[in-house]
Structures are given as C-alpha cells and as structure tokens.
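For the single chain, residues carry numbers from 1 onward in sequence order. Just so it is clear, the values below take in all heavy atoms, side chains as well, and ignore hydrogens, waters and symmetry mates.
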Amino acid sequence: MPNVRTVSEHGSFRLVERDGRYAVIEARDGQVYGLHGEAGNRPSALDRPDATEAVVAPGDWNAEDVARRRFEELTARGEELAHKIW
C-alpha cells in the first residue's frame, strides 16, 4: 500500500502526498471525501490511514504546485465552500 502523508491541514481540508504526487481531500465527521463528484455523491471513506486511496482517483493526483494552489483556494474560501460541496 502506498504511503500517504498529510502535508498540511486547514479547517476541513487536507493536502496529502503520495509518492511525490499531491491531492486535496476533505475530512468531516469521521469521514474523508474526495473533491470530485456532485454534492452528496462524492467518494467517501472512514477517516483511516488508508482512506485517501479510496477517495482520490488515480488521475486526481497532481504536481505539488497544482495541489497547493487548489488547497490554498479552498482554505481561503473557508467553511462556506465546505458546506456547499459537502
């Protein structure tokens, strides 16, 4: 199993890294969520060490600068955005 680590966390969002590729996920109420999919239909899993693999599709891992930009955009928009996409 690939080693996924949390690089940064702000509010409900996490910037995670796996094998030099990066993604952003959301963690709420003991679950983690991918950011793709319609509201209420995003991939989710229990918030465990292996959960990221279940909610981030292979094509959704990015270069660090791309993922950091997305993470910063999401955290800047704060809880208002989290409630809309959740």
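- The CG atom of Leu15 sits 8.5 Å away from atom CZ of Arg5, with the distance rounded to the nearest 0.5 Å.
- Counting heavy atoms from C-beta outward, Arg18 and Asn3 have side chains that stay 4.5 Å or more apart.
- Shown are Ile25, Val32, Leu35; of these, the side-chain contact (heavy atoms from CB on, under 4.5 Å) with Val56 is made only by Ile25.
- By the rule that hydrophobic residues join a cluster once side-chain heavy atoms approach within less than 4.5 Å of another member, Val66 and Trp61 end up as members of separate clusters.
- With sequence neighbours left out, Glu72 forms a salt bridge (Lys or Arg N to Asp or Glu O under 4.0 Å) with no residue at all.
- Across all their heavy atoms, Phe13 and Phe71 have their closest contact at O-CE1, 3.6 Å.
- Considering all non-hydrogen atoms of both residues, Ala23 and Ala67 come closest at N-CB, 4.1 Å.
- Residues Ser12 and Arg28 approach most closely at OG-NH2, 3.8 Å, considering heavy atoms.
- Side chain of Arg42 to backbone of Tyr33: no donor-acceptor contact under 3.5 angstrom is found.
- Residues Tyr22 and Arg70 have side chains not in contact (no heavy-atom distance under 4.5 Å, counting atoms from C-beta outward).
- Between Arg68 and Val7 the shortest side-chain heavy-atom distance falls below 4.5 Å.
- Atom CD of Glu64 is separated from atom CD of Glu17 by 8.5 Å, given to the nearest 0.5 angstrom.
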- Worked verdict on Glu73 versus Arg69 for side chain to side chain contact (heavy atoms under 4.5 Å, CB included): CA-CA 6 Å; Glu73 175 187 297; Arg69 205 169 26 254; over 6 Å; no
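- In this structure Arg14 satisfies the salt bridge (Lys or Arg N to Asp or Glu O under 4.0 Å) test together with Glu9, Asp47, sequence neighbours excluded.
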